[in-house]
Amino acid sequence: MNPSRRVLVVGSGGREHALAWKLARDGAEVLVAPGNAGTAAVGENIALAATDIAGLVALARERQVDLTVVGPEAPLVAGIVDAFTAAGLRVFGPTAKAAQIEGSKLFCKQILHRGDVPTAMFREFRSPARAREYLEAREDMPVVVKADGLAAGKGVFVCDDRAAALEAVATLGGDPQFAAAASGILIEERLDGIEVSVMAITDGRTIVTLPPLQDHKAAHDGDQGPNTGGMGAYCPAPFVDDELLAEIESRILVPTVHAMRRAKVPFQGVLFGGLMLTAQGPKVLEFNARFGDPECEALMARLDSSLLELLDATADRRLDEVEPPRWRAGASVTVVMAAEGYPGAVEKGRPIRGLEAAAGVEGVHVFHAATRAAEAGIVTDGGRVLAVTATAPTLARAKLQAYTGVKEIRWPGAWCRKDIADKGLHRERELAADAAEEPA
Ligand code: AMP
Ligand code: GLY
């Protein structure tokens with residue numbers, strides 16, 4: 001324990017609650033800006049927006065914060081790490097330039113090309129008209145249309161055919177909300193396979209690969225409905241065995257980190273690969289420059305060794321000196337409970353009941369994603385409200401415990417996906433059947 005350490009976590013979601021919770025367990029005194037009702041229980045909330053970089057620098061100085069951990073992408077892309085570093089403050093996360101691996105899909109593709117990292121083939125267009133000409137001239141096939149810049153998860157269109165792709169280009173070209181993001185348009189080959197999330201902590205030279213997870217991006221069961229920030233996750237994902245994880249590390253993560261260093265944009269922080277496991281092997285769909293959410297909640301629940309030590313060593317560029325992290329045996333499952341209307345507009349301020357009963361379920365931690373303390377108690381404050389997380393010796397048990405926790409919690413309009421981890425359970429059954437058939 002190290003009670004003298006003061007750490008600032010920037011952000012207000014389930015990811016930041018999980019990080020703050022773990023850092024507090026590691027013995028740090030935690031400040032969270034702006035935080036939520038959950039983070040207030042493990043640290044001190046400070047009413048500053050995650051994007052108020054000048055305010056956060058002043059806070060870190062005033063309160064003598066010795067490490068700042070940045071959760072979301074927006075402040076990273078806006079240069080929070082550069083500002084902290086210039087002020088002589090220690091910070092975990094990539095510079096604005098390095099965060100372009102997430103902020104610009106084109107920059108990401110250039111790095112992948114330099115590192116010879118497998119990814120979907122693509123073409124880049126500087127105007128919707130050019131993209132349209134290209135689609136009309138080539139054969140009709142499934143493609144993915146993407147806006148170059150950050151578009152809060154809404155700039156990607158997975159299209160079955162030319163007509164759908166033309167519509168996507170028209171949407172990007174015509175909608176003012178994409179004006180900045182769509183100054184470049186990418187048209188990619190559509191990849192088929194299983195999607196997994198693999199994250200690594202890196203100081204720009206050494207990398208520590210974390211256990212594989214699977215997210216559930218579609219709003220409804222069976223991967224139906226609109227894309228969301230993520231409705232649930234589980235860890236580890238049985239699609240990625242040790243051998244495949246080693247291949248992902250050596251063919252994807254290490255060459256990406258090296259390519260960034262060679263391009264003079266060294267990456268420090270969490271490099272988060274959204275990968276497709278295709279018949280030709282794992283390929284990169286996208287890179288993010290931060291922990292995934294809800295992946296982070298499922299990961300933190302399983303992390304037995306110190307997170308603080310890992311983040312410290314990363315910020316000091318001495319990740320090669322720390323022991324590899326230790327993970328609790330078994331599995332974890334995170335189920336996101338969302339407000340009515342999500343991923344569209346939602347009403348806020350609904351009182352949440354049953355949080356204590358849920359936290360009393362064996363193996364369950366309720367991470368808050370969008371909550372606030374009000375006179376009525378803890379109330380909803382956004383679309384993804386809670387990330388109910390359970391750890392257990394098996395994936396099946398972790399799923400059962402997580403949903404047992406979910407059942408205790410109520411507010412008007414609350415909903416969640418009912419099938420989080422089912423693909424993993426199905427895969428486990430397939431693997432068991434294969435093993436049973438193998439000759440002794
Ligand atoms: P991105 O924001 O680039 O991760 O894209 C969001 C989602 O779109 C991903 O999680 C995938 O489900 C899907 N996607 C993106 N690129 C491709 C691709 N080349 N082939 C198939 N699906 C894709
Ligand atoms: N769960 C996916 C993300 O954080 O982008």
Side-chain angles (χ1 to χ4, degrees), residues 11 13-16 18-19 70-74 76-77 99 101-109 112 118-123 141-160 164-165 168 172 178 181 184-199 210 212-219 223-235 237 269-280 282-300 334-336 338 343 367 369 383-384 387 417 420 423:
R15 166 181 50 211
E16 288 75 25
L19 293 172
V70 185
E73 63 274 20
L76 291 169
V77 169
I101 194 92
E102 172 164 6
S104 162
K105 294 187 189 293
L106 190 58
F107 175 79
C108 178
K109 287 288 194 192
L112 295 179
T119 185
M121 288 185 294
F122 78 105
R123 296 282 297 262
M141 62 189 293
V143 293
V144 181
V145 177
K146 300 184 176 183
D148 177 37
L150 278 186
K154 292 179 188 131
V156 176
F157 301 82
V158 180
C159 306
D160 287 330
L172 285 179
F178 293 120
I185 292 177
L186 275 68
I187 297 182
E188 277 190 13
E189 124 195 64
R190 193 173 96 188
L191 300 176
D192 285 318
I194 306 248
E195 250 185 279
V196 293
S197 302
V198 179
M199 293 181 264
L210 309 178
L213 297 102
Q214 190 170 49
D215 187 11
H216 298 66
K217 285 192 175 149
D223 294 333
Q224 301 298 304
N227 202 40
T228 71
M231 295 302 297
Y234 64 92
C235 178
V270 178
L271 188 62
F272 162 5
L275 311 179
M276 189 73 96
L277 305 180
T278 74
Q280 292 79 42
K283 295 190 181 183
V284 174
L285 291 173
E286 65 163 348
F287 267 120
N288 294 317
R290 52 174 173 83
F291 283 109
D293 190 352
E295 285 94 334
C296 186
E297 293 91 307
L299 261 182
M300 289 306 125
T334 296
V335 177
V336 169
F367 295 120
R384 289 194 294 174
R417 270 182 70 157
I420 303 304
K423 274 184 281 193

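One-based numbering, in listed order, for ligands and for the atoms of each. Residue numbers start at 1 and run along the sequence shown.
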Quick one: does [X]'s side chain get under 4.5 Å of [Y]'s, heavy atoms only?
{"X": "Glu297", "Y": "Arg15", "value": "yes"}
{"X": "Val336", "Y": "His216", "value": "no"}
{"X": "Arg384", "Y": "Thr228", "value": "no"}
{"X": "Phe367", "Y": "Thr334", "value": "no"}
{"X": "Val145", "Y": "Leu172", "value": "yes"}
{"X": "Met300", "Y": "Leu19", "value": "yes"}

Mark up the atoms of ligand 1 that fall under 4.0 Å of a heavy atom belonging to [X], in ascending order.
{"X": "Lys105", "result": "2 (O), 3 (O)"}
{"X": "Val158", "result": "8 (O), 13 (C)"}
{"X": "Lys217", "result": "10 (O)"}
{"X": "Leu191", "result": "18 (C), 19 (N), 20 (N), 21 (C)"}
{"X": "Glu188", "result": "16 (N), 18 (C), 19 (N)"}

### Query
Nearest to atom 5 (O) of ligand 1 by heavy atom, Thr119, Val156, Asn288, Leu285: which?
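Residue with the shortest heavy-atom distance to the ligand atom: Val156.
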### From the candidates Met121, Glu286, Lys146, the one that places a heavy atom nearest atom 15 (C) of ligand 1
Lys146
### Query
Does a salt bridge link Lys217 with Glu286, judged by any charged N lying under 4.0 Å from a carboxylate O?
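Salt bridge between Lys217 and Glu286, a charged N being under 4.0 Å from a carboxylate O: yes.
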### Query
Between Lys109 and Asp148, is the closest basic N to carboxylate O distance under 4.0 Å?
no
Approximate separation, where rounding is to 0.5 Å, of [X] [atom1] and [Y] [atom2]:
{"X": "Asp215", "Y": "Met231", "atom1": "CG", "atom2": "CE", "value": "10.0 Å"}
{"X": "Ile185", "Y": "Lys146", "atom1": "CD1", "atom2": "NZ", "value": "13.5 Å"}
{"X": "Leu285", "Y": "Arg190", "atom1": "CG", "atom2": "CZ", "value": "12.0 Å"}
{"X": "Ile420", "Y": "Gln214", "atom1": "CD1", "atom2": "CD", "value": "9.5 Å"}

Give yes or no for whether the N/O distance cutoff of 3.5 Å, strictly under, is met between [X] and ligand 2.
{"X": "Arg15", "result": "no"}
{"X": "Asp215", "result": "yes"}
{"X": "Glu295", "result": "yes"}

[X] N/O to ligand 1 N/O under 3.5 Å:
{"X": "Arg190", "value": "no"}
{"X": "Ala120", "value": "no"}
{"X": "Asn227", "value": "no"}

### Message
Heavy-atom pairs closer than 4.0 Å: do any link ligand 1 to the side chain of Glu189, the backbone, both, or neither?
### Response
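For Glu189, only backbone atoms sit under 4.0 Å from ligand 1.
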### Message
Once you restrict to heavy atoms under 4.0 Å, what part of Asp192 touches ligand 1? Side chain, backbone, both or neither.
### Response
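Neither part.
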### Query
What atoms of ligand 2 come closer than 4.0 angstrom to any heavy atom of Asn288?
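So the answer, numbered in order with elements, is 5 (O).
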### Message
With heavy-atom distances below 4.0 Å as the criterion, list the atoms of ligand 2 near Gly292.
### Response
4 (O)
Is there a heavy atom of [X] sitting under 4.0 angstrom from any atom of ligand 2?
{"X": "Gly230", "answer": "no"}
{"X": "Gly229", "answer": "yes"}
{"X": "Phe272", "answer": "yes"}

### Query
Using a distance-only test with no angle check, is there a side-chain donor-acceptor pair under 3.5 angstrom linking Glu295 and Ser197?
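Side chains of Glu295 and Ser197: pair found under 3.5 Å.
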### Query
Which protein heavy atom lies closest to atom 5 (O) of ligand 2, and at what distance to 0.1 Å?
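For atom 5 (O) of ligand 2, the nearest protein heavy atom is Arg290 NH2, 2.9 Å.
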